[in-house]
Structures are given as structure tokens and as C-alpha cells.
Q: 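Next up is a structure, given as C-alpha cells.
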2 protein chains.
Amino acid sequence: MTLSHSAAYDLMNRKLTSIFSLSDKEKQAIQSLPIQLTPFRTDQDIVRVGERPSRSFLLAEGFTCVYKLTSEGRRQIVAFHVPGDMPDLHSLHLKVMDTSMATVTPCTIGFIAHEALHDLCGRYPRIAAALWRETLVDASIFREWMTGIGRRESYSRMAHLLCEFFTRLDAVGLTQDHGFTLPITQVELADAIGVSTVHVNRVLQELRADGLIQTVGAQVNIPDWERLKEAADFDPLYLHLRQDAPACL
Amino acid sequence: MTLSHSAAYDLMNRKLTSIFSLSDKEKQAIQSLPIQLTPFRTDQDIVRVGERPSRSFLLAEGFTCVYKLTSEGRRQIVAFHVPGDMPDLHSLHLKVMDTSMATVTPCTIGFIAHEALHDLCGRYPRIAAALWRETLVDASIFREWMTGIGRRESYSRMAHLLCEFFTRLDAVGLTQDHGFTLPITQVELADAIGVSTVHVNRVLQELRADGLIQTVGAQVNIPDWERLKEAADFDPLYLHLRQDAPACL
DNA sequence: CGGATCGTTGAGTTGTATCAAGACGGGTGG
DNA sequence: CCACCCGTCTTGATACAACTCAACGATCCG
């Protein structure tokens with residue numbers, strides 16, 4: 001929780017300029033956004049369904065998830081977010097939250113007033129486009145997850161989620177050479193891929209037995225990226241990362 | 001296929017002004033967009049995964065779907081679109097298509113060049129916001145479907161899809177008092193809710209037996225909206241329709 | 001009338017859920 | 001510093017939702 005404001009702006013600028021090259025003036029406009037850094041503990045709600053937030057947020061440190069509950073109390077996690085993401089941008093134009101968002105690890109969250117973002121978008125159409133694009137990538141990930149939940153078996157879905165984490169964390173420099181830290185419980189993995197926790201446990205064991213992953217605590221190693229990718233039916237196209245970025249490893 | 005250009009503009013204007021009230025100048029800017037109306041037959045692809053389209057489209061007549069295929073050839077339909085929708089707006093900022101889109105009935109489609117839309121968005125931030133919002137509503141629907149596929153049983157999912165169709169068609173005036181025409185095969189319903197066609201058939205029979213729907217050909221009647229809604233766990237919030245719009249019936 | 005598409009039905013199979021219980025591990029308080 | 005506790009992970013046994021395969025009926029249309 002020792003993150004500085006300038007580091008947060010760096011994250012945001014790096015993200016937004018990863019596709020659109022912004023001018024110095026546009027970058028300065030971003031740097032001068034008022035941003036309110038706030039620490040969160042694990043398993044805290046950041047926004048809840050039904051609320052009408054007046055600010056969005058940048059995830060500066062930690063992992064968060066977006067989830068919905070059915071009337072029977074079952075939870076579906078529809079997205080995870082990693083440092084550098086702005087999970088809540090849709091609240092800029094959709095008044096009422098249709099999901100809740102929560103931390104899954106301790107986090108540092110930078111809140112930015114909608115007013116400031118609207119103002120920025122009005123003055124700099126290219127920044128508006130970059131933010132819009134962020135929300136479109138989120139939507140693309142929803143489509144991919146839906147395809148997995150609807151049409152792939154759980155083994156493949158689990159492998160797919162691990163591929164996605166590795167790729168997204170790699171894009172923000174949070175991987176080691178063939179591995180990454182995944183501080184997410186099996187309960188959360190279950191809610192994300194739409195199976196029971198018992199089954200997540202068994203699928204993970206299968207993946208380990210098949211030599212597709214190795215785990216030590218929260219550390220996940222991928223000894224053979226190509227084989228995991230194949231098991232997962234993973235094609236990183238849907239993440240819409242910049243073209244020059246290596247599809248990792 | 002006798003739709004006029006002015007009718008297509010009307011659709012677009014009605015949609016975009018349903019939330020944001022646009023000025024006359026903004027409306028005129030929309031009217032003067034070059035739009036190319038094209039007829040499509042059933043089961044034709046409009047855009048395919050991997051393509052880099054240079055135009056988006058307005059669905060003027062008919063129903064379309066957005067789908068993905070797994071490497072094993074299984075199909076997941078991740079969205080349906082109804083007249084008035086602009087299903088392809090995300091291609092404005094995501095260069096490569098990560099899904100394919102196809103007609104499920106005969107359709108009239110109005111193509112609009114990206115260039116013209118980018119120009120419009122640059123000059124009229126409120127129109128940009130309205131288009132952005134369209135894509136956010138799509139994303140919200142993805143989240144709701146994912147929750148259904150992951151955490152609701154098939155009976156409930158089928159009911160939910162019917163509720164959604166009724167509500168969305170009602171919003172564009174395409175319902176009769178307690179019913180609507182659903183020209184979608186059981187194969188397509190199966191690919192949308194992530195089950196087999198055999199199972200779709202059985203679930204529909206259950207819904208009929210329970211008195212939640214009545215069907216005559218492609219016509220679906222809903223004798224008791226409240227009961228269907230309850231079976232579906234349906235809350236129209238996620239559609240983000242304008243507040244004054246009645247939650248139908 | 002034949003062919004194609006779509007809907008329906010039955011029988012056997014399988015992936016995944018549920019329930020229940022035990023093992024592990026890290027933190028807290030006595 | 002140990003005992004306890006709670007959350008997490010693991011394992012086994014049983015149950016069920018949904019799948020697959022296969023065949024048959026109903027339309028529609030050229």
C-alpha cells in the first residue's frame with residue numbers, strides 16, 4: 001500500500017497509450033486528473049449492484065472481481081481485473097450498477113470523479129476513444145468467457161482462465177519467466193468458471209497430473225505454454241492487446 | 001425489404017435519443033450520415049471473426065446473432081440483436097473481429113462507414129457518448145447471460161431469454177399485447193443458452209406444461225408475465241432501458 | 001412427390017453437483 | 001507457546017441435470 005500518485009498515473013497512461021498514441025497535451029490532461037488513492041482489504045465490496053456511483057476507479061494494486069448473484073444466492077464472477085485496469089468505466093454512461101465489484105486481495109484503488117472524466121472526454125476525443133476501447137475489451141472478454149462456460153468443458157475452461165491470467169499479467173509486467181502469482185481461492189475460481197469448488201479442486205489436480213501446471217501455494221508455473229494453450233483452446237486475439245506485444249513466452 | 005432510408009434514420013435517432021436528448025443539430029448530423037441499406041437472407045454471415053471491417057451496421061429489419069466457435073466446432077451464440085440495434089459498434093475501436101455475426105432471419109442492414117462515425121463522434125461528443133452507451137448495454141447483457149449460463153439451470157435460462165426478448169421487442173414496438181413473434185429455431189436457442197437442441201425441446205415443453213408460455217408456430221404468448229419473470233429470475237435492470245419505460249405489460 | 005429443415009421422443013451415458021467428513025495451515029487469544 | 005479456530009483444500013460416495021445417439025413425425029416448398 002505504498003503506491004504513489006505518480007505511479008498510478010503512469011499505469012493509466014501506459015494503458016491508454018498502449019494502442020492510441022496520445023499527445024503530450026493529452027498525457028498532461030490525464031496527469032492532472034484528481035485521483036483519490038484508497039486502500040482496501042480482501043473481500044470488500046467496492047461498488048454494489050443498484051448503486052449510482054459518481055466516480056469510476058483505476059485498480060492500482062491487487063486483484064478485483066465483478067460478480068452477480070442469482071435470486072437463489074449463487075454467485076457468478078463475470079470478470080477479474082488486474083493492476084492497470086479500470087473496471088468501472090461503464091458507470092460513466094450506465095447510471096445504475098448492474099453488478100457488484102469486490103476485492104479478492106488487498107488492493108489500492110484510485111477513484112476518479114465521473115465529472116472529471118466526462119470533462120476530459122469532451123475536450124479530448126482521443127482519450128474518450130481510448131477509454132471507450134477499454135470497455136470494449138472488457139466486453140470481448142465477456143464473450144470469450146461465455147463461450148467457455150456454454151460450450152467448453154470445465155478442464156478446458158480452467159486452463160483457459162490460467163492462460164488469460166498469464167497473458168494479462170504479462171502485459172503489465174507481473175509475471176516471472178514461466179509463472180505468476182495467482183492469489184485467488186478455489187471458491188472464486190469456481191464462481192468464475194461456473195462449477196462447484198469440489199470440481200475446481202479435481203480439475204486442478206488433473207491439470208497438475210497432466211503436467212500442464214505446477215503450483216506452490218499461490219504460485220502457478222506453466223512448464224509448457226503451447227500444451228496449456230491447446231488444452232485451453234486459447235487464442236489471445238480476444239484480449240486485443242497491441243499487435244507488437246508477444247503472445248508471451 | 002421495402003424499408004426506406006428515412007425509416008432507418010428514424011430507428012437510429014429513436015434509439016440514440018431514448019436516453020440522451022440530442023439537439024436538432026445533432027439529429028441532423030445523424031440524418032446526413034451516408035447509410036447503405038442491404039438485404040440479407042437467412043443464415044448469412046455479415047462479418048466474420050478475424051476480419052477488419054471498415055464499417056459498422058444498423059439492423060433495420062430482422063434478427064441477427066453474434067457467435068463464436070470453439071476449436072471443436074461447437075457454437076456459442078453470445079447475443080441476439082433486434083431491429084434498431086447497432087451490433088457492430090465495437091469494431092470502431094477494436095480493429096480485428098473476435099466474433100462473427102450472422103442473420104437468423106431475412107434482414108435489412110444499413111452499413112455506415114467507420115470514417116463517417118469517427119468524424120461524427122469527434123464533432124459531437126454527445127453522440128459519441130450515446131454510441132458508447134449502446135456498446136455498454138451490450139456488455140451488460142453479456143454479463144447477465146454469463147450469470148445464467150454459469151449459475152442458473154436450463155429451465156430458468158430459457159425463461160430468461162424469452163423475458164429478455166419480450167422486453168427488448170416491446171421497447172421497439174414489436175410485440176402484440178401478451179406475445180411476440182420469435183423466428184428463431186431451437187438449434188439457435190440451444191446455442192444461445194448453452195445446452196443441446198434436444199434439451200431445448202424438452203425445456204420448452206416443460207414451460208408450456210407449466211403454463212408459462214403458449215406457442216403457435218413462431219408466435220410466443222405469455223399468459224402470466226409475473227410467473228414467467230419469477231421462473232426466469234428476470235430483472236430488467238440490466239437492459240438499462242429508460243426509466244419511464246414500463247417494465248412491460 | 002421427394003427432399004430438406006425443423007421439431008419430437010426414447011434409452012443409455014456422463015459430467016458435474018451435492019453432501020459429508022477429514023486434513024492442512026495460518027492467525028489469535030489465553 | 002500452545003490450543004484452538006476458521007477458512008481453505010482435499011477426498012469419497014451418491015444423485016441428477018443434461019448429453020449423445022438414433023430414429024421418427026411434421027411441415028414446407030420446388
Side-chain angles (χ1 to χ4, degrees), chain A residues 41-44 63 70 72-77 102-106 148-161 181-209 213-220 231, chain B residues 41-44 63 65 70 72-77 102-106 148-161 181-210 213-220 231:
Chain A
R41 290 192 309 278
T42 300
D43 283 333
Q44 281 191 283
F63 289 60
T70 69
E72 286 176 337
R74 315 192 70 183
R75 179 173 75 156
Q76 177 69 43
I77 290 177
T103 59
V104 299
T105 68
I149 297 173
R151 289 300 187 213
R152 281 192 265 257
E153 56 182 33
S154 56
Y155 181 87
S156 186
R157 259 180 278 165
M158 189 74 241
H160 196 283
L161 184 56
T181 304
L182 188 69
I184 291 184
T185 66
Q186 293 185 358
V187 176
E188 286 149 354
L189 293 175
D191 285 342
I193 66 175
V195 298
S196 67
T197 58
V198 172
H199 201 60
V200 161
N201 187 282
R202 291 180 172 136
V203 165
L204 285 173
Q205 286 180 52
E206 274 190 80
L207 286 169
R208 281 190 287 250
I213 59 168
Q214 296 154 351
T215 58
V216 186
Q219 181 70 19
V220 178
Chain B
R41 290 193 308 279
T42 300
D43 282 332
Q44 281 192 282
F63 289 62
C65 70
T70 70
E72 286 177 337
R74 316 193 69 184
R75 180 172 75 156
Q76 177 69 42
I77 291 178
T103 59
V104 298
T105 67
I149 297 173
R151 289 297 187 215
R152 279 191 267 257
E153 57 182 34
S154 56
Y155 180 86
S156 184
R157 262 180 275 165
M158 188 74 240
H160 195 282
L161 184 55
T181 304
L182 188 69
I184 291 183
T185 66
Q186 293 186 358
V187 175
E188 287 150 351
L189 293 175
D191 285 343
I193 66 174
V195 299
S196 68
T197 59
V198 172
H199 200 60
V200 161
N201 187 284
R202 289 178 173 139
V203 166
L204 285 174
Q205 287 179 51
E206 274 189 82
L207 286 168
R208 282 190 286 253
D210 294 347
I213 59 169
Q214 296 154 353
T215 58
V216 186
Q219 181 70 21
V220 178

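Computed from a prediction, not measured in an experiment: that's the story for all the values here. Each chain gets a letter, A, B and so on, in the order its sequence line appears, and its residues count up from 1.
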Q: Roughly, in whole Å, what's the span from CD in B:Glu72 to C1' in D:dC19?
A: 14 Å

Q: Does a nitrogen or oxygen in the side chain of B:Arg208 sit under 4.0 Å from OP1 or OP2 of C:dT8?
A: yes

Q: Taking the minimum atom-to-atom distance to the side chain of A:Gln186, which one of C:dA17, C:dA20, D:dC9 wins?
A: D:dC9

Q: Whole-Å distance between C:dA17 P and A:Glu153 CD?
A: 13 Å

Q: List the steps and the verdict of side chain to side chain contact (heavy atoms under 4.5 Å, CB included) for A:Thr70 and A:Gln76.
A: CA-CA 8 Å; A:Thr70 69; A:Gln76 177 69 43; over 6 Å; no

Q: Closest to the B:Ser196 side chain: D:dA18, C:dC6, D:dT20?
A: D:dT20

Q: In whole Å, I'd like the distance from the NE2 atom of A:His199 to the P atom of D:dT11.
A: 15 Å

Q: Does B:Thr103 use its side chain to pair, donor to acceptor, with the backbone of B:Gln44 at less than 3.5 Å?
A: yes

Q: Pick the nucleotide of DNA chain D nearest each of A:Thr197 and A:Arg151; which residue has the one closer to the 5' end?
A: A:Thr197

Q: With a 4.0 Å limit, can you tell me whether B:Ser154 has a side-chain N or O closer than that to the phosphate oxygens OP1/OP2 of D:dA18?
A: yes

Q: So does A:Phe63 get a backbone contact from the side chain of A:Thr105, meaning a donor-acceptor N/O pair under 3.5 Å?
A: yes

Q: Without decimals, in angstroms, what is the distance between A:Glu206 CD and D:dT10 P?
A: 14 Å

Q: What contact category does B:Gly217 fall into here, base, sugar-phosphate, or nothing, at under 4.0 angstrom with non-hydrogen atoms?
A: nothing

Q: Any side-chain N or O of A:Arg74 below 4.0 angstrom from OP1/OP2 of C:dA17?
A: no

Q: If the cut-off is 4.0 Å, is A:Gln205 near the phosphate of D:dC9, judged by side-chain N/O to OP1 or OP2?
A: no

Q: Quick one: does A:Ser156's side chain have a donor or acceptor within less than 3.5 Å of a partner on A:Ala231's backbone?
A: yes

Q: Could you state the atom-to-atom distance from CG of B:Leu204 to C1' of D:dA18 in whole Å?
A: 15 Å

Q: Students often get this wrong, so: under 4.0 angstrom with heavy atoms, is A:Arg157 touching a base, only sugar-phosphate, or nothing?
A: sugar-phosphate

Q: How close or far is atom P of D:dC19 from atom CD1 of B:Ile193, stated in whole angstroms?
A: 9 Å

Q: So, is A:Asn201 close to the D:dC9 phosphate, meaning a side-chain N or O under 4.0 Å from OP1 or OP2?
A: no

Q: Closer to the 5' end of DNA chain C via nearest nucleotide, is it B:Ile184 or B:Arg202?
A: B:Ile184

Q: Specify the separation, in whole Å, of atom CG of B:Leu182 and atom C1' of C:dC6.
A: 14 Å

Q: Considering the options B:Arg202, B:Met158, B:Glu153, B:Arg157, which one meets the side-chain contact (heavy atoms from CB on, under 4.5 Å) requirement together with B:Val195?
A: B:Arg157

Q: What is the distance, to the nearest angstrom, from the CG atom on A:Asp191 to the P atom on C:dA17?
A: 11 Å

